[in-house]
Amino acid sequence: MISAIQTQSLAKQYGSLLALSEFTLDVARGSIFGLLGPNGAGKTTLIRILTTLMRQTSGEAFIEGLDTRNQGREIRRLIGVVPQENSLDRYLTARENLELHARLHGMESKRYRKRIDELLELMGLAGRQKDFPDTYSGGMQRRLVVTRALLHEPKLLFLDEPTTGLDPQSRRAVWDYIRSIAGDMTIFLTTHYLEEAEQLCDRIAIMDHGRLIALGSTQELKDRLTGGTVYEIVFGAGAEHYAVILRGMACVLGIQVAGQTVSVGLERWECLSEVIAALNGAEVRRISLKERTLEDVFISLTGTGVRE
Amino acid sequence: MRLRGSLAIWLRDMLVLRRNIASEMVAVVAYPLTIYLAFGIGMKGYIGLVDGVPYGMFIAPGLITMTAVNAAYSESVWSLWFHRRVQFTIESYRVTPISVAEIVIAKIFSGFSHGLIKGLVVGLVIFAITPFRFPPSHLLIYLSFLVPGSAFFSCAGVICGTIMDKPETIGRVEAVFIMPLIFMSGLFFPLSSYPAAIIPWVRMLPTTALFEGARQALVNGSFLYGFAIQVGGTALLTFCAAVWIFRRKMAE
Ligand SMILES: Nc1ncnc2c1ncn2[C@@H]1O[C@H](COP(=O)(O)OP(=O)(O)O)[C@@H](O)[C@H]1O
Ligand SMILES: [Mg+2]
């Protein structure tokens, strides 16, 4: 089956700066794909190439099997784009913004009127459709841009940092909208919020300095972390004693003791029963799984946290 | 070539113009009218006849032409800059299945339309406050200069708005280049006022062909082929240049 997006050794050079290099990626149809990376990583550069706004310096990129270098018009028929900066026309009302976009897509007025009504309703903007976008809140403007991108029923939706600059509440609202509209569309979004990638995306690519550094589902990425699964055992007493016993076990990768709390890194979760057997007779108050976050993954891969 | 996209964008620009028509027109009419009142009427007694006609009549065609070409240039240059650098609307057009050429052609036509509409409005106002009457045939010949002239300035505006990223630069070009070019082209005085050695050079300016040709058309009803071809040819050349430059800029 043809992939929704496929790139092969894609590279982009701005003067002496290599903003994208050796970028090879495959995004399956119908998935929500997240591209996670700090500011300046090259996310927007990649989106601009994929949406035919910019030419790559070398390498290839295909959207639904169409080449970005010479099948731009065909590609643009299939895609909806939510750019990093809202590109709304402040001299047109919300509805007129949508109508212009529909005409540029060659939609018949009968069809686009109905579609605009439906989408404005779905996005909760119907009551404000005659207002100019600069009277909208940040979250509403973002939703209007998303509405515009969905108007022509694209097969693929690109979202470049859909929630940057929004307050947490509006951010969650945008996530809900994205989930509700996903259907069988392929969604490609970039973000520098780990939580956003984790909450929304089926698969995540992590990039920095123009390079792809990891790719997989949230779970796969977390599983890659060395140390496997980590459990926290809180003892009533005798933590030191049991720590020594546990440290001697084959499937225990590492141990940290802090007061009566022992963190045990296990190779696999299957080892847990062995650990529990070894704790027979101990005064155990609580055993809990310590969740690894995507942030841990990010730090282990890049050596730093996400730069804001 | 398909022009569906051009039509949609041009209609957008005309909708915005319609919406602000009252305030736009006040601003557009104020400037040429002030000049007209100051020179055409205030100085009338001192200047008398120029080239055989009253001074007010001598400058009227030029003021209309100036309004039209200035409006065409301003609209194109600022609109291109604003939609490219401030609103990023050009980018939102570029992710739809229309071509870059359709976008630039729409913008050229919008500037051209602004020029023509505003020029005609100033013409009507001058017509209303002066006793000069021109026969319709003169007006038709005059339009054969005004139309390519507005097109030429609109294309020039699109070129400047495409290559200039800073608003200061745009303002400077307008003050140092566009306005002097218009004023030097015999708007307020006949070409014969220039020293003989300079006249051939001044005549080579497309703006001279435009302003002289337009005046001769309106005042005397004469059609100066050479000037008409010069203005039309320049408009065609700048049109091609504008499309080419815009496409190149967008391919960066
Ligand atoms: N038009 C441009 N000219 C020169 N450098 C650019 C341009 N656009 C982006 N860059 C540089 O390329 C790098 C990647 O930028 P970008 O793709 O915008 O990253 P991100 O979207 O991940 O924040 C940055 O270092 C940025 O400064
Ligand atoms: Mg970016």
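All of these numbers come straight from a predicted model, not from anything done at the bench. Lettering follows sequence order; numbering is per chain, from 1.
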Contact origin within B:Leu15 toward chain A - heavy atom pairs under 4.5 Å | side chain

Under 4.5 Å, heavy atom to heavy atom, which residues of residues 83-97 of chain B contact chain A?
-> B:His83, B:Val86, B:Gln87, B:Phe88, B:Thr89, B:Glu91, B:Ser92, B:Tyr93, B:Arg94, B:Val95, B:Thr96, B:Pro97

Do you know the tightest heavy-atom contact between A:Tyr91 and B:Arg19?
-> O-NH1, 3.0 Å

Could you state the interatomic distance from CZ (A:Arg103) to CG (B:Leu11), rounded to the nearest 0.5 Å?
-> 6.5 Å

Are any of the side-chain nitrogens in A:Glu99 or B:Arg12 under 4.0 Å away from the carboxylate oxygens of its partner?
-> no

Specify which of A:Thr51, A:Leu92, A:Thr52, A:Asn97 makes the most heavy-atom pairs with chain B at under 4.5 Å.
-> A:Leu92

If you check every heavy atom in residues 58-81 of chain A against those of chain B, which residues fall under 4.5 Å?
-> A:Arg73, A:Arg76, A:Arg77, A:Val81

Over 12 foreign heavy atoms within 6.0 Å of CG, A:Asp134 | yes

Neighbours of chain B found in residues 112-122 of chain A - heavy atoms under 4.5 Å = none

Please determine, among A:Arg148, A:His101, A:Glu96, the option with the most heavy-atom pairs under 4.5 Å with chain B.
-> A:Glu96

Go through A:Met54, A:Arg90, A:His152 and name the one with the most non-hydrogen pairs under 4.5 angstrom from chain B.
-> A:Arg90

Note: B:Arg4 and A:Leu104 closest approach over all heavy atoms is NH2-O, 3.1 Å

Part of A:Asn86 lying under 4.5 Å from any heavy atom of chain B = backbone

Which residues in residues 154-180 of chain B have a heavy atom less than 4.5 Å from any heavy atom of chain A?
-> none

